[in-house]
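Just below is one structure, and these are the notes that go with it.
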Amino acid sequence: MAFKAMTSKEVTKKVFNKEKLFVLDVRNESDFQDWKIEGKNFQYLNIPYFELLDGVEEILDQIPAGQEVLVVCAKEGSSVMVAEMLSDAGLDVSYLQGGMKAWSEHLEPVKVGELKDGGELYQFVRIGKGCLSYMVLSNGEAALIDATRMTDIYLNFAQSMNAKITHVFDTHLHADHISGGRMIAEKTNATYWLPPKDAAEVTFDYEPLEGGHDVTIGETKILIHSLYSPGHTIGSTSFVVDEQYLLSGDILFIDSIGRPDLAGLAEDWVGNLRESLYKTYRELSEELIVLPAHFMIIDELNDDGSVAEKLGTLFVKNHGLNIEDENEFRKLVTENLPPQPNAYQEIRETNMGKISPDTEKQREMEIGPNRCAVR
């Protein structure tokens, strides 16, 4: 039987379409338990590669007949060898091209909607990492929010839409992934905006992003209104775009809320987080569509692959928005938190411009799931 490569884009489509897939992950058990490819109708078998060096005969009865099989490893090599052995045993099988390294870096653009006076809003879903970034397009201009380090994807997409990137924003100083915002701004001569309260230690020039500031994109006056909403970081800033969309950064997610501890100041910032969620956001229209900077679980994806929900719906369904007792809220966001993101201190220093790791080091620093949320 044949075996072939399956790209991250092809796997992403299976996730979006809720297709069935049997994943044989040949990484170590600890790596698999920490982070894996997730799909609503995916099945899994984790057998470390070193246990298969003598052949795959002993696991054949654990692989369902007639189901599409994908072999996954860290960088591709081991999965190719296992896929070949399974093929020789009579199975039709694929391996993940580029391994989990490629899965971590794949971005899938999803159109969120039209803007009132012309223009479009796209969400870039980093499916393997849970990161979400955005591009606002209007009359040949584009604004980019919370871009990842895979800068070519945004540059090529803007070019395909005949748009020039004129503004680049980061909603806050990220701790779970390396921002591509500054590099994209340099390549396109765009204005790079960063909340000044998060930028006390940065080593580069930026435009201070402060609450109440409007930026216009395109001739149709698509206003991006910034809204100071501290709590995840002291500078965290949300955006209301076109009076339709609330880009919430890492303050509010679909099924969870932001954690305040990644700068070591959870006790100091928990009050800010509560005020942002329970006062600032409560004053906004419940019809706004919330577009967060991350998702935590695959169930947060809509049928089209987007991650979005009305603010009013979240006020009803999101547990983090319905904790009346302040002490209970404080306990939720300061105790029993999930592990902190991999290399988060180095990532923060990279985003400040203090260190400049090479591409391979940056990949290593980002490996694993995002852990910006509490629920």
Side-chain angles (χ1 to χ4, degrees), residues 107 109 119 121-124 126 131-159 161 163-218 222-230 232-241 245 247-251 263 291-294 346-357 359 362 365-366:
L107 289 171
L121 177 57
Y122 282 84
Q123 183 181 69
F124 289 77
R126 189 175 178 185
C131 301
L132 302 166
S133 45
Y134 299 89
M135 186 179 290
V136 182
L137 295 152
S138 175
N139 286 83
E141 291 187 8
L144 195 54
I145 298 102
D146 287 333
T148 68
R149 62 181 170 78
M150 283 72 77
T151 57
D152 286 350
I153 294 169
Y154 306 105
L155 297 171
N156 293 338
F157 188 82
Q159 185 176 25
M161 303 297 284
K164 175 178 172 55
I165 297 172
T166 55
H167 294 275
V168 181
F169 304 87
D170 271 316
T171 55
H172 61 287
L173 187 80
H174 297 281
D176 76 306
H177 72 274
I178 295 164
S179 169
R182 183 160 48 104
M183 184 180 294
I184 291 171
E186 290 172 357
K187 289 182 177 180
T188 60
N189 292 316
T191 303
Y192 179 50
W193 301 83
L194 190 64
K197 290 187 178 182
D198 277 1
E201 298 180 58
V202 303
T203 62
F204 48 82
D205 294 331
Y206 66 95
E207 196 68 25
L209 175 66
E210 297 174 302
H213 197 106
D214 279 339
V215 175
T216 302
I217 304 298
I222 303 301
L223 290 179
I224 299 178
H225 179 73
S226 58
L227 186 73
Y228 181 49
S229 48
H232 176 65
T233 67
I234 196 59
S236 291
T237 301
S238 307
F239 297 101
V240 177
V241 177
Y245 303 100
L247 273 64
S248 57
D250 280 350
I251 287 290
L291 299 171
H294 287 97
E346 290 177 279
I347 290 173
R348 292 181 76 247
E349 289 181 358
T350 303
N351 288 333
M352 292 176 189
K354 289 184 173 183
I355 59 174
S356 300
T359 300
Q362 290 184 31
M365 287 160 61
E366 288 190 339

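All figures in this text were calculated on a predicted structure; none of them were measured in a lab. For the single chain, residues carry numbers from 1 onward in sequence order. These values consider heavy atoms only, across backbone and side chains, with no hydrogens, waters or symmetry-generated copies.
Here the straight-line distance linking atom CG of Leu155 with atom OG1 of Thr188 works out to 7.0 Å at 0.5 Å rounding. Interatomic distance, Thr148 OG1 to Leu107 CG, rounded to the nearest 0.5 Å: 4.5 Å. Taking CG of Asp146 as the reference point, atom OH of Tyr134 lies at 8.5 Å (rounded to 0.5 Å). Separation of atoms OG (Ser226) and CG (Leu247) is listed at 12.0 Å; rounding is to 0.5 Å. Distance CG/Leu291 to OG/Ser238: 11.5 Å, rounded to 0.5 Å. A distance of 5.5 Å separates CG in Leu144 from CD1 in Ile165, rounded to the nearest 0.5 Å.
Closest approach of Val168 and Ala190 over heavy atoms only: CG2-CB, 3.9 Å. The minimum heavy-atom distance between Phe204 and Met352, with the atom names listed, is CE2-O, 3.3 Å.
The side-chain heavy atoms of Pro196 and Glu210, taken from C-beta on, include a pair separated by under 4.5 Å. Side-chain contact check for His177 versus His294: some heavy-atom pair is nearer than 4.5 Å.
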Salt bridge (charged side-chain N to carboxylate O under 4.0 Å, His left out) between Glu366 and Arg126, worked out: CA-CA 12 Å; Glu366 288 190 339; Arg126 189 175 178 185; 2.7 Å; yes
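In this model, no donor atom of one side chain and acceptor atom of the other lie less than 3.5 Å apart for Asp170 and Tyr206.
Using bins of under 30°, 30° to 60° and over 60° for the plane-to-plane angle, the ring pair Phe169/His167 lands in the parallel bin.
The neighbour count for Met150 CE, taken as heavy atoms of other residues, nucleotides or ligands under 6.0 Å away, is above 12.
Shown are Asp198, Leu194, Asn351; of these, the side-chain contact (heavy atoms from CB on, under 4.5 Å) with His172 is made only by Asp198.
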